[in-house]
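Worksheet: the structure to be examined is printed underneath.
All ligand and atom numbering here is 1-based and tracks the order in the structure.
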Amino acid sequence: MLASAVRGLLVDGRLALGVRLPAERELATALGISRTTVTAAYRELRESGHLTSRRGAGSWTALPIGHRVGTSGIWAPSDDTDLLDLATAASAAPPELGLAVDEAVADLPAYLSGTGYQPMGLPVLCEAIAEQYTRRGLPTSADQIMVTSGVQHALDLLLRLLVAPGARVLVETPTYPNALTAFGASRGRISAYAIGPDGWDGDLLLSTIRAAQARVAYLIPEFHNPTGHLMDVELRERLPAAAHTAGTDLVVDESFVDLCLDDQPMPPSIAAFDRGARVLAIGGMSKPFWGGLRIGWIRAGAPLVARLAAVRVTVDMASPVLDQLVAARLLAHRDTVVAMRSAQLRTQRDILMAALRRELPEWRFAVPRGGMCLWVELDAPVSSALARAAEELGVRVAPGPRFGADGTMERFMRLPYTLPGEELVEAVKRLAVARADLDRPRRVWSTQAVVA
Ligand SMILES: Cc1ncc(COP(=O)(O)O)c(C=O)c1O
């Protein structure tokens, strides 16, 4: 019991790695159990690789060899091919990536006589990104763009520039877990705005922004991760003015904007309604193209981009030239890649929904009109326990509390539909087994067994 509780807390990320556990005697006293029980539990944890001990020094939490923890605290396997990984919402690279690489290699010699250091990004890529915004109806010039190493890097740079330790940051809850990690690292004080079952309540969000007077508010208006909601035009129009009055900058994460799965016109970017230079849009190639490319960007006023470049030189100087050339070439294939990706995700979304309705009919979800995930309401608040049980069956999922600013959301689970259909069906079958197992009564001995 004790050993599996510690393992569970570790898997769920509630107990950090490298934490020193109390001495056996101390823990036995604190829990009111025998020292032998604690000794046996520590031995079991050492044997399973969840604890390392040094004689006389103590015992620290660890993970078995072959596992490592990503920045989000979500386990990532080193080379476990049997594992069905539903913890990550990301797709494999499109075939156009190979073409873009060949083209970029041919482009490279023209850059080799320069230094290669361009903190704001290669002009050719800044122009291609600006052009995408202009096509979306938001006229943008290349000097309003800063290229980053992914959207996460974009968020980190903005927080470095804007959020002093102790400053207030307003976030949606649930939200993207690695954004929460970034806010924690910036030592901002987090206030949460709860997204309801139907998405944002506009009046409530605007009044929260006015009341919180946060330095920064972080929003994911397109196919929100994890809920999949799309913010309506009316709220988009009202947000920048409310933020301006409150002295709040809106960091708008548009990671999923390209992944609309229904034939519907997309609303304009929130930045299109900005009159006070309050909206900082961040976006990137990871979701529509490939996460391994590590290309993202910030769209802001040109003066702010110049200030960000100064922050960036303390971090990584500039993005790699060849990768930026690949990205610039890949953006030329955008329409083909996005059409292929959306069709693939639509099919997989429908397979996942059908499998859930079949295997776990008590679970509820809204049909997302875009993005990569279902946000599923479970039949009971068992998300963390279910994630642990599913891991035993070779399915990795991110439980609801990962996405909550306050550790709640035990009744929810995010299920991405980025794996091939047959793997999604198999994963749901295993989840159904894991869910049924949770309800099976466990034998509890009322008295200690005598061991002779
Ligand atoms: C909302 C959101 N923002 C940012 C990221 C990170 O993107 P990148 O891989 O470009 O750093 C993700 C990835 O899942 C995401 O879902």
Sorted by chain and residue number, the residues having a heavy atom closer than 4.0 Å to an atom of ligand 1 are Gly150, Val151, Gln152, Tyr176, Tyr218, Ile220, Asn225, Asp253, Ser255, Phe256, Ser286, Lys287, Arg294
Will you find, in the side chains of Ser269 and Glu254, an N or O donor that is under 3.5 Å from an N or O acceptor? yes
With a 4.0 Å cut-off, would you call Arg136 and Glu131 a salt bridge? no
For Ser384 and Glu410, does a side-chain donor sit closer than 3.5 Å to a side-chain acceptor? yes
Report yes if the distance between the aromatic ring centroids of Trp375 and Phe365 is under 6.0 Å, otherwise no. no
Side chains of residues 185-194: which donor-acceptor pairs under 3.5 Å do they make with residues two or more places apart or in other chains?
residue, atom, partner, partner atom, Å
Ser186, OG, Phe183, O, 2.9
Ser186, OG, Gly188, N, 3.4
Arg189, NE, Gly166, O, 2.8
Arg189, NH2, Gly166, O, 3.3
Ser191, OG, Arg168, NH1, 2.7
Tyr193, OH, Asp201, N, 2.8
Tyr193, OH, Asp201, O, 3.3

Sidechain N-carboxylate O distance under 4.0 Å for Arg236, Asp232: no
